[in-house]
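First up is the structure itself, then whatever we jot down about it.
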Amino acid sequence: MGLEHLLTLSTGEKIANPRRERADRARLAKAQRSLARKAKGDGADRAKARRGAGRVCLWSWCKTSTDSRSTTRSR
């Protein structure tokens with residue numbers, strides 16, 4: 001429920017809803033902090049945190065891959 005995109009331009013470019021983007025960044029920051037607290041070579045705990053951070057990063061990237069940040073304009 002809620003807005004997926006804040007607005008869609010006439011060119012078809014979609015602008016992300018900033019509230020969702022903030023929540024995604026917060027999830028990624030939390031996962032990266034968890035990974036940073038693990039000692040290198042810590043075994044299963046560090047591997048689990050590493051997979052978790054990667055999953056959150058990939059998940060947020062896939063969601064935003066259709067947003068305006070993924071398109072480039074030549075000036």
Side-chain angles (χ1 to χ4, degrees):
M1 187 125 122
L3 295 173
E4 277 294 315
H5 304 286
L6 184 62
L7 60 105
T8 304
L9 303 177
S10 60
T11 60
E13 196 173 343
K14 295 179 181 180
I15 307 298
N17 186 357
R19 193 172 343 159
R20 294 199 54 175
E21 189 174 335
R22 260 182 261 134
D24 292 345
R25 286 184 184 177
R27 284 185 68 209
L28 179 59
K30 184 177 179 180
Q32 287 176 335
R33 277 194 308 272
S34 173
L35 175 60
R37 284 192 298 265
K38 306 292 188 261
K40 220 170 190 181
D42 202 15
D45 287 342
R46 187 169 197 279
K48 183 178 176 184
R50 194 168 149 253
R51 281 193 309 270
R55 192 177 303 117
V56 170
C57 185
L58 180 64
W59 179 78
S60 64
W61 180 81
C62 286
K63 277 186 13 180
T64 59
S65 64
T66 59
D67 291 343
S68 62
R69 287 175 291 177
S70 66
T71 60
T72 56
R73 294 185 191 173
S74 301
R75 290 188 182 215

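Values below: all heavy atoms of this structure, side chains included; hydrogens, waters and symmetry mates excluded.
- In this structure, A53 and A31 approach most closely via the heavy-atom pair CA-CB, 3.8 Å.
- Distance check: I15 CD1 to T8 OG1 gives 8.5 Å after rounding to the nearest 0.5 Å.
- Partner V56 forms a side-chain contact (heavy atoms from CB on, under 4.5 Å) with one of R27, Q32, R51, K30 and no other, that one being R27.
- When the side chain to side chain contact (heavy atoms under 4.5 Å, CB included) test is applied to R46, the partners found at least two apart in sequence or on another chain are L35, K38, K40, D42, R50.
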